[in-house]
Each structure stands twice: as structure tokens, then as C-alpha cells.
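Naming: A, B, ... by sequence-line order, numbering from 1 per chain.
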Amino acid sequence: MTAAPSTFRFVSSHRRVREDRRFVAGQGRYVADIALEGMLHVAVLPSQHPAARIVSIDASTALAMPGVHYVLTGDELAGATDQLMNGLDTPHVKRFALAVGQTRYAGEWIAAVVADTRALAEDATEKLRVVYEPLPFVMKAEEALKPDSPPVHAAHGSNVLLDKLFVWGEVDRHFAESPRHLSFRVTWGRNSTVPIETFGVAASWDSWRDILDVWASIQMPKYPDQIARALRIPANNVRVHHDVDVGGSYGVKRGIKQSVLVAYLARRVGRPVRFIEDRLENMRSGDAHGPERIFDIDVAFNDDGVVKSMKIRALDNAGAYAGRAPFQLGKPIGAIVGPYKIESVQYRAQSVTTNKAMQEAVRGFGQAPTNYAIETAIDKVAAAVGLPRIEVRRRNFIRKDEFPYLIPSGSSYDSGDYHTVVEKVFKHADFDAMEQERDRLRASGMLAGIGIAACLEPSGGNSSFEPLLNEKNTTTTWMDSARINIDALGFVTVTIHTTSSGQGHETLVGTIIGEVLQIDPDLIRVIRPDTLACLPSNSPVGSRMAIMLGGAAFHAAQKLKTKLVRIAAHQFGCAEENVTFASGAASDTAGHSLSWAELVTIAHRNYHLLPRDMEPGLEATHVMQVPTGNKLPENGRVQMYPCHSFEFHLVLLAIDPDLGKPEIKRYVIGHDCGVVINPHIVRGMTLGGIAHGLGATLLEEFVYDEQGHLITQSFMDYLLPSSHEMPEVEIVHHCTPSPHTVFGQKGSGESGYLGSPAAISSAINDAVSPLGISFNKLPIRISAIGDAIADAQQGKPQEQAT
Amino acid sequence: MKVELRVNGVSRTADVEPRKTLLDTLRENFLLNGAHAGCEHGVCGACTVLVDGEPVRSCLMFAVQADGYEITTIEGLAPAPGELSVIQDAFCETHGLQCGYCTPGMILSAHALLQHTHTPSREEIVEAISGNICRCTGYGQIVEAVQFAAGRLQKSNALRPNHVSPGHHGAGHDAPEEGVLEADAPKEIV
Ligand code: FES
Ligand code: FES
């Protein structure tokens with residue numbers, strides 16, 4: 001199939017996104033809008049040292065200030081709570097919400113002050129007196145690997161959190177047999193998704209009912225469980241409110257340390273407590289940085305540019321604690337060969353601790369850096385064999401008729417038609433004209449280049465990278481759920497069990513249920529109960545909601561439809577196969593019909609008319625498990641994600657050699673995420689992802705100085721793309737439905753971001769290639785471009801291309 | 001200290017510390033939660049409000065400085081509960097938002113632009129919203145929203161008032177007329 005089936009009534013149509021109305025009126029309800037009676041506020045004291053023993057903390061002056069209620073230190077917290085989970089098997093890498101005995105990065109929270117207002121709490125943190133004994137520290141991953149490097153966690157024995165070697169297929173033979181090899185290094189700088197809303201959490205503890213109420217800006221699987229574990233309380237004492245709007249997340253809003261801190265304080269002081277990170281707290285110590293990765297790549301290929309095998313070593317600087325960083329080396333295994341027929345792969349995944357802030361999950365969960373490495377490899381192979389970059393890609397792409405396609409690491413790609421997407425993009429962009437334009441720009445004295453990148457977006461997975469990287473972890477279940485209730489007047493209400501940070505879940509669920517029950521989606525109410533009333537969910541991670549939440553809603557609606565059909569068949573005295581259900585009403589071939597209202601009335605009020613074994617009422621629940629996700633890894637191989645969206649980026653970019661500033665002249669993306677549920681949402685995700693990737697490629701980096709301090713702590717120096725940097729993007733659609741999902745949909749939440757860094761850096765390298773230079777390190781900032789051009793023009797060796 | 005502020009056409013008083021920002025005062029004292037804190041150092045624009053019709057970062061202004069000015073917040077734009085202004089409606093039409101956190105500030109910046117012109121060029125739109133960082137959308141659908149709203153306002157035939165905040169319900173002047181054109185479906189290349 002090459003186009004979306006046109007038989008849908010609501011799916012794929014350009015319907016408005018129902019969530020938008022409240023936001024445009026300023027009527028979102030974010031965590032900072034939660035004001036509880038008697039609420040107190042928290043500020044935290046950051047460490048001034050990247051590593052130091054905490055000798056003493058004197059809080060007496062702070063505590064004596066008016067309006068100050070409490071000062072919490074790490075020692076007290078560690079005595080009263082359990083360490084935060086990290087999922088790895090590293091029992092001696094302990095993490096608490098506050099530093100305990102030792103600080104491990106500059107900015108780490110040393111103490112928390114509770115006061116009547118946030119301003120008073122901040123004032124009081126300045127009066128805390130901490131005596132430190134500085135310790136040696138290590139900032140660079142390669143140095144942290146050395147046996148004599150300063151240990152970040154002495155009890156752990158080394159700085160290595162994870163070091164796994166996978167060999168899938170006959171790597172040695174393929175390398176030996178391939179006539180051509182090349183090796184290179186690329187580096188992905190430490191950046192993050194940096195939502196405009198920082199992380200925030202409010203908590204209130206009712207000691208009479210034994211309930212901890214939590215409101216948070218959260219996107220996090222198993223969040224209430226983790227709070228309960230850390231606080232050593234029953235999980236059903238924790239009630240997380242899911243009806244809080246989340247101001248962006250893209251993975252990072254996991255906030256477990258903030259939440260445990262605030263929950264503990266709420267109980268300790270006996271009042272509701274709120275902590276909204278300010279931008280400084282968020283940037284330097286909110287545990288929300290993204291991957292910082294060095295790739296060493298070897299490629300084996302032949303003179304035709306066909307790649308046979310690849311060796312990837314990925315070394316990630318996880319920062320001071322384990323967090324999710326090591327697992328972000330795991331997800332890329334699900335698409336380790338990208339869209340290419342590479343027959344064997346060796347992958348060494350290494351994660352080390354250093355004295356930098358901790359990482360969290362970031363959009364794509366490690367896939368964007370890996371795609372950048374793979375696409376750079378293909379560009380280099382093309383240069384080596386003297387073929388156009390696109391031709392080399394065409395030769396290596398998996399072909400349409402080869403799906404399902406099993407890659408060496410055990411994942412089976414569901415479907416795709418990469419060649420056609422590329423053709424469409426080339427045709428739309430008029431590639432020849434684009435090349436002429438590049439040459440015209442070059443002739444006019446500009447540096448100009450075309451960037452090309454293809455990539456896959458694995459979606460809807462079951463986090464099987466966890467058991468793959470840690471055998472003690474046996475998780476294969478990774479569900480999401482929906483419950484539908486049709487009330488006695490026939491109105492449909494759906495509960496979903498996760499927060500949303502702008503992905504439009506209400507629209508998604510309304511559209512799908514409307515499609516199944518053939519009723520107007522706008523008449524369907526979608527609500528989010530608190531976690532005590534929730535079905536199991538794993539939150540919107542891994543581009544999974546269209547697949548998982550959409551699938552759950554679909555199946556729950558099908559159950560109701562089946563019930564309505566049974567009720568009708570019983571009335572009509574015919575077989576269920578002879579009942580037609582359309583526009584919410586049922587009819588049979590003999591001319592009987594029952595309207596929606598009549599069917600609902602029977603279910604709710606006329607028990608005597610129901611089939612004997614049928615429960616009254618109209619309610620259905622579906623708990624959806626990941627399609628294809630039902631096995632633990634075997635021999636280092638695993639089916640990781642059921643669906644694989646495809647994107648192809650084409651970028652024309654020009655650099656004024658005097659300014660060094662890249663300007664994107666044209667940006668075309670071909671996108672195939674199967675059947676699109678709501679075109680507005682998918683488009684928004686794609687454009688937002690490209691902007692985010694543009695930031696990672698050109699602007700964004702958390703930079704530390706020699707003393708171990710973060711020097712990009714604000715939006716003055718950590719630069720985010722504005723409307724000036726973002727080009728107009730042209731999207732070329734294609735639809736290859738997935739065989740594993742209810743409508744053929746695939747994921748799209750990470751699209752754009754996964755491929756744009758590879759594409760933009762490829763364009764820059766094409767632009768500067770006449771000078772004999774290239775950039776192997778992201779971000780490629782204007783200053784780096786300007787310096788490299790100047791050096792090249794003066795014949796100096798360039799620093800970047802090492 | 002006591003301040004008296006004109007917010008969305010209504011006079012309101014508050015007792016604030018001199019160091020309290022206009023943003024915190026709007027949110028905490030008046031419970032106008034539409035203005036958001038993103039950076040609190042004047043870069044992101046999430047806290048944008050209109051001061052005498054011009055976009056201003058309320059995190060950089062103290063409440064005591066706002067005395068004597070007409071302040072318009074996002075809550076002042078909707079003509080009536082449940083009804084949207086043309087610009088707000090246009091953001092819904094093109095899905096010019098995702099998480100909605102930057103959106104109030106973005107819409108107020110767009111509103112200020114469209115007060116000055118109903119025929120903005122793309123460059124003017126890009127310039128007008130460039131002080132508002134959106135992390136979600138990549139700006140494409142926001143630019144479209146402003147273009148779409150401009151088109152509607154042009155067709156609305158209404159006189160363009162030269163001041164903001166005409167009444168206590170806020171800016172009713174750009175309410176959509178009946179039977180306005182629906183947006184074309186975004187151009188798709190299949
Ligand atoms: S919060 Fe005021 S500009 Fe960012
Ligand atoms: S819509 Fe999320 S920051 Fe703009």
C-alpha cells in the first residue's frame with residue numbers, strides 16, 4: 001500500500017486537535033498552577049564543587065530566618081528513604097535526592113530549604129554554611145575509563161557502569177573479505193531537550209487517610225511505584241494526579257529525585273510542599289542532560305559502496321549517577337544497521353561515570369546520536385568509493401519486498417519502502433535544480449552544501465534493552481490501557497492513564513474510538529484519573545502512544561461494539577454476523593434496526609432484553625501489550641520494537657565564509673510513519689523534532705570548564721533555536737502501513753530529531769569540503785565553523801577534524 | 001507595598017514586596033496563570049504580557065513598575081468564556097502549539113503584531129515571534145497560524161482599533177465574524 005486507506009471517517013482527517021482550545025486561552029493547568037491550602041515552597045542549595053566530601057552543614061542561621069520552616073540534608077534523607085533505582089546491576093552506585101556525604105558534580109543539591117515563599121527559601125539557602133573538602137574529579141569519559149582516574153563512586157570500584165560487547169553475525173569474516181575499510185570518530189555533544197517548563201512537583205501528605213497526593217510535571221513509567229519504594233510506603237498510599245498538563249518533556253521529565261524530596265518534606269513538615277525548579281536548578285542539576293557520546297566506527301565495504309559489516313564503539317559520559325544513561329546505549333540496538341542491509345555488526349556499549357550532571361531519557365533514547373554515526377559512515381563510504389551519497393544509500397537500503405527484514409541484532413523490521421520515499425523527495429525537491437543552486441551559491445563565493453540523511457524511528461517497544469543490558473532484569477511486559485464507559489444517556493467517556501506533554505493523546509483516543517464506534521470524536525470525553533484509579537500504563541516513551549494507547553482504545557471500543565452487536569442480534573433473533581453496525585446504530589438484513597439510544601437503553605435498563613450471560617452496562621477495558629514484544633533476549637539478540645518509521649532528510653545550506661554562520665536554504669523531509677491518525681499532530685512532531693535536532697547540531701551544548709563547573713547554565717549561553725534559525729520545512733508523505741498495529745500506524749514522536757543532526761552536519765561537511773575540512777563533532781557552532789574556515793584558508797591544520 | 005494595576009481592563013490592588021516581579025504578581029496575587037515562567041531571565045518569552053499593547057517580559061518587570069499601564073494577559077483575549085479570539089482560533093486551526101506552555105506568550109506577541117498590520121510578511125511574523133522560544137513546534141505551524149489569522153482579520157471588514165483592552169472582557173475586537181473561511185488543509189505532497 002502506498003497511500004493511506006481512504007475508508008476512514010475520522011482517522012487521518014485534518015481534524016483540529018482538541019487539547020489546543022484550553023491552551024490558547026491560557027487555561028492549561030500546569031504544576032505551577034497547583035496552589036494548595038497552606039502550601040510551602042522549596043529551594044535547594046547547589047554544590048560549588050565537582051567533587052568534595054561534605055564535612056558539615058550549619059543551618060542554624062537559615063533556620064532562624066522568619067518564614068523558614070525546615071532545612072533538609074542528605075544524611076537525614078538517606079536515613080529515612082531508600083536509594084533511587086537505576087535499573088542497572090550496580091548496587092554501590094547509590095543515588096539520593098540530595099548529596100550524601102559527598103558531592104559528585106557542581107550543582108548537585110546539598111540541602112533543601114522549606115519556607116513560606118520561594119523567595120524566602122532562596123534567601124535562606126544563601127545562609128547555609130557548608131564545609132567541603134575538595135576531592136579530585138574527572139570530567140571526560142576517556143579519562144574516567146583509565147584505572148587510575150579519580151573514582152566517582154569509590155565503593156563501585158571503577159568508573160565503568162556498563163561495558164558490553166555484542167557481536168552479531170560474522171564480523172571478522174566480513175571484515176577480512178571486504179576489500180575496503182575505513183575508520184573514523186564522531187562525537188555527540190552533551191545537550192538535552194530542555195523543555196520551556198522546568199520540572200516541578202507538589203505533594204501533600206494526609207496522615208489520617210494515609211495518602212500521599214502528588215502533582216508533577218511528569219513523563220515517567222512506574223512513577224508512583226518508584227516514589228513508594230524510595231519512601232518505603234505501600235504503593236497504594238501514593239496517588240499521582242495525571243490531569244496535570246506538562247509543559248514539554250521529550251523524555252526528560254522523570255523527576256524522581258525531586259518527587260521523593262518533596263514527598264518526604266511534605267510529611268516531615270506536615271504541610272503541602274511545592275518545588276518548581278528554576279532554570280538554573282533545571283540546567284545544572286535537574287538530572288536532565290542527554291547523551292554525550294564518542295563513537296569509534298569501522299566500516300567494511302566493497303568498491304561498489306556496499307557495506308558488509310560495521311564495528312561501533314559507543315562511549316557515553318553518563319555523569320555522576322547511573323540513571324537512564326546506560327540504557328540509552330541499548331535502544332539503538334533495535335535499529336543498529338539503520339535502514340541498511342549490513343550483514344554483521346560488532347557493538348561495544350560503554351557507559352562511565354564522571355563529575356558531570358546526570359542524564360535522563362532524551363527524545364529517541366540514544367537513537368539520534370547513533371543515526372548520526374551511521375549516516376556519517378555512509379557519507380564517508382560514498383566519498384571513499386567516489387559515488388554520490390544517495391547512490392550508496394540506494395545500494396544499501398533494504399528493499400520493499402524484503403520486509404519483514406531481520407537485522408543481525410534480532411529485530412525484525414515490520415515494513416517500509418525506502419527507495420520510493422527517496423524518489424518522492426528527490427522529485428519534490430527537484431534534486432538537480434538543488435545541486436545547480438548549490439553550485440551557483442558556490443560560484444558566488446559562498447560555501448554551500450547539500451545534506452542527506454536517512455534514518456529509522458523504532459517505535460512502540462517494550463524496553464527489552466533493559467534485560468539485554470542487565471540479565472537480572474526480566475521485564476517483557478510493557479503495557480498501556482484504556483477504559484471506555486458509555487453512560488445511560490449514551491455519551492462516551494474514556495479514561496487514559498498517563499500524562500501528556502503535548503502529544504495530543506485526547507485527540508488520538510477520541511479519533512480512534514470515534515472511528516470504531518462511528519460517532520463524532522468531539523462528543524467523546526477523555527479523562528485522566530489519578531493513579532489509584534488507573535489501569536496499568538507505561539507513559540508516553542519510545543514513540544509508543546499511537547501504537548499502544550491507540551491500540552488499547554481500539555480494542556476496548558471493539559469489545560463494546562461486539563457487545564452492542566450481540567444485544568442487537570439477540571433482539572433481531574439473528575446471528576451476529578448478520579448485524580451491521582454503522583453510524584452508531586445496528587441493523588440486520590431483514591430490515592430491523594436499533595438506534596444508539598435504544599441499544600444503550602437495553603444495556604443500562606432492560607436486563608430482561610439482554611442475552612442471558614451478559615453483564616449489564618456498557619464498559620470495556622483493554623490492556624495492550626507491545627505487539628511482537630513477548631520474549632526475553634536470546635544470545636544477545638532481541639526483538640526490540642514492533643514498528644519502524646522511516647524518514648529521509650534533504651538539506652541545502654549556505655555558509656558565508658566570513659561569518660561562519662550556516663543558513664538553511666531549503667529543508668525537505670520525506671516521512672513514512674504508516675497510517676497517520678491526526679496529520680496536524682504528526683506534522684507538529686516532525687517539525688518540532690527537526691528544530692530540536694537543529695539545536696543539537698548547531699547550538700546546544702552543556703559545557704563544563706576546567707574547574708568542573710557548568711558554564712552554560714541559562715538561556716543566555718545554552719542557545720535554543722528561535723524562529724529565525726528554523727527554516728520552512730517541506731514534508732513529503734508516504735504511507736507504508738505496519739502489519740502489527742490496528743490501523744497500520746507507526747510511531748512519530750521522535751521523528752525529525754533522529755535524522756536532522758545527521759542531515760545538517762552532512763550539509764555543512766559538503767559545504768566546507770572544497771576547503772579540505774570536515775566536522776566530526778556536534779554541535780558545530782558558528783565559532784567553530786568560522787575558525788576552521790579561517791585556519792583552512794591560511795593553510796593551518798584544523799583542530800575539529802581529529 | 002501596595003500597588004494598583006490595570007489588568008485586562010480592571011483595576012486591581014495587591015500588596016507586594018518591591019522585588020516581586022509582575023509575572024509572580026499576576027500569577028500569585030491575581031491567579032492569572034496564563035503567563036508562564038520559563039527562564040525568569042528574559043530570554044524565552046513564556047511570561048509575555050502586553051503593556052500598553054506592546055509585548056513585555058513580565059519576568060523582567062517588577063509589579064511596582066507596572067503602575068499606570070494597561071496590562072493585557074492571555075486571559076484578556078478571549079471575548080467570552082469558551083469563545084476564542086481570531087488569533088487564538090487560528091492557533092487551533094493550524095495546531096500552532098503542542099504542550100501549550102509557550103502559547104499564551106506566543107499569542108500575545110502575535111496579537112501585538114496584528115494590531116499593527118493585517119498584512120505581515122513571513123519575515124515580519126518570524127521577527128515578531130523570535131523572542132518567544134517554542135521547544136515543541138519548530139515554529140512552522142505557529143507562523144501559519146499568524147498568517148491565517150492575518151488573512152481572517154483582513155477579511156473581517158472590522159475597523160482596526162488602535163488600542164488594546166477595550167473592555168473588561170478584553171480584546172473583543174478580533175472576534176471571528178460568522179461564516180468565516182475555514183483553513184485550507186495544509187499543503188500535502190503525496
Ligand atoms: S520567563 Fe520571562 S522571558 Fe523567560
Ligand atoms: S508548545 Fe510547547 S513550548 Fe511551545
Side-chain angles (χ1 to χ4, degrees), chain A residues 3 14 16-17 19-30 32-33 35 119 193-198 245-250 276 278-279 424 428 501-504 679-681 683-685 687-692 714-716 720-724 726 728-734 752, chain B residues 17 19-20 24 27-28 31-41 43-44 46 73-75 77-78 82 84 87-89 91-104 107 122 125-127 129-143 183 185-186 188-190:
Chain A
H14 285 271
R16 285 190 175 198
V17 175
E19 287 89 339
D20 291 355
R21 267 178 74 76
R22 66 175 185 269
F23 294 129
V24 298
Q27 296 295 327
R29 189 161 173 267
Y30 302 92
D33 305 339
T193 52
V194 193
I196 304 300
E197 183 204 45
T198 59
D245 288 317
V246 180
S249 167
Y250 335 96
I276 310 289
D278 68 15
R279 186 49 65 183
K424 277 185 167 183
H428 167 78
S501 40
Q503 304 99 328
H680 287 301
I681 293 178
R683 184 153 174 261
M685 292 281 161
L687 299 182
I690 290 173
H692 186 181
S714 74
F715 287 174
M716 304 282 204
L720 301 166
S722 79
S723 54
H724 283 306
M726 240 331 249
E728 260 185 286
V729 174
E730 299 153 68
I731 304 181
V732 178
H733 292 283
H734 189 76
Chain B
E17 279 188 71
R19 67 170 171 174
K20 191 161 189 172
D24 287 347
R27 292 181 54 86
E28 290 166 15
L31 299 180
L32 294 168
N33 283 332
H36 296 143
C39 64
E40 296 175 285
H41 53 255
V43 180
C44 74
T73 70
I74 190 73
E75 288 87 350
L77 285 201
L84 300 177
I87 299 169
Q88 289 171 317
D89 194 58
F91 271 72
C92 295
E93 182 61 36
T94 65
H95 190 44
L97 64 145
Q98 284 170 36
C99 76
Y101 202 73
C102 71
T103 310
I107 288 179
R122 188 175 198 280
I125 297 171
V126 164
E127 178 65 30
I129 61 166
S130 62
N132 295 76
I133 303 293
C134 177
R135 194 52 160 165
C136 297
T137 62
Y139 306 103
Q141 288 147 301
I142 294 177
V143 173
E188 264 194 67
I189 305 121
V190 182

Let's test your reading of the structure: which of B/Asp24, B/Val126, B/Leu32 forms the most heavy-atom pairs below 4.5 Å with chain A? B/Val126
Could you look at A/Asp245 and say if it's the side chain, the backbone, both or neither that has a heavy atom under 4.5 Å from chain B? neither
Proximity breakdown for B/Ala37 and chain A, heavy-atom pairs closer than 4.5 Å: backbone
Heavy-atom pair of closest approach, residues B/Gly82 and A/Arg21: O-NH2, 2.6 Å
Minimal heavy-atom distance between B/Cys99 and A/Gly247, with the atoms involved, is SG-C, 3.5 Å
A/Ile690, part contacting chain B, at a heavy-atom distance under 4.5 Å: neither
Largest heavy-atom contact set with chain B, pairs under 4.5 Å, which of A/Ser714, A/Gly689, A/Pro195: A/Ser714
Quick check on B/Thr137 against chain A: is it the side chain, the backbone, both or neither that has a heavy atom closer than 4.5 Å? backbone
Taking all non-hydrogen atoms of both residues, which atom of A/His680 and which atom of B/Glu93 are closest, and how far apart? CE1-O, 3.5 Å
Considering only heavy atoms, which portion of A/Phe715 lies under 4.5 Å from any heavy atom of chain B: side chain, backbone, both, or neither? both
For the student: nearest non-hydrogen atoms of A/Pro721 and B/Tyr139, plus distance: O-OH, 2.7 Å
Is there a donor-acceptor pair closer than 3.5 Å between any side-chain N or O of A/Arg279 and the backbone N or O of B/Gly38? yes
For side chain to side chain contact (heavy atoms under 4.5 Å, CB included), just list the numbers for A/Glu197 and B/Arg135, CA-CA rounded to whole Å, side-chain angles, deciding distance to a tenth of an Å, and then say yes or no. CA-CA 10 Å; A/Glu197 183 204 45; B/Arg135 194 52 160 165; over 6 Å; no
Of the backbone (N, CA, C, O) and the side chain (C-beta and beyond), which part of B/Glu40 lies under 4.5 Å from a heavy atom of chain A, both, or neither? side chain
Donor-acceptor contact below 3.5 Å, side chain B/Tyr101 vs main chain A/Gly28: no
Please state whether the side chain, the backbone, both or neither of A/Val246 comes within less than 4.5 Å of a heavy atom of chain B. backbone
Contact part of A/Ala119 toward chain B, heavy-atom cut-off under 4.5 Å: side chain, backbone, both or neither? both
Given heavy-atom pairs under 4.5 angstrom as the criterion, report whether the side chain, backbone, both or neither of A/Thr198 touches chain B. side chain
Proximity breakdown for B/His41 and chain A, heavy-atom pairs closer than 4.5 Å: both
Where does B/Glu28 contact chain A at under 4.5 Å (heavy atoms): side chain, backbone, both or neither? neither
Considering non-hydrogen atoms only, spot the tightest contact between A/Asp33 and B/Arg27 and give its length. OD1-NH2, 2.7 Å
What is the distance from atom NE2 of A/His724 to atom OG of B/Ser130, rounded to the nearest 0.5 Å? 3.5 Å
With a 4.5 angstrom heavy-atom cut-off, is it the side chain or the backbone of B/Ile107 that approaches chain A, or both, or neither? side chain
Among B/Gly140, B/Cys39, B/Ala35, B/Cys134, residue most engaged with chain A (heavy-atom pairs, under 4.5 Å): B/Cys39
Atom group of A/Ile276 that falls short of 4.5 Å from chain B, counting heavy atoms: neither
Here the gap from A/Leu687 atom CG to B/Cys136 atom SG, rounded to the nearest 0.5 Å, amounts to 12.0 Å
Dump the intermediate steps for side chain to side chain contact (heavy atoms under 4.5 Å, CB included) on A/Arg683 and B/Gln141, then the final yes or no. CA-CA 9 Å; A/Arg683 184 153 174 261; B/Gln141 288 147 301; 3.4 Å; yes
Between A/Gly26 and B/Pro104, what is the shortest heavy-atom contact and its length? CA-CG, 4.1 Å
As an exercise, state the distance from CD of B/Glu127 to OG of A/Ser723, rounded to the nearest 0.5 Å. 7.5 Å
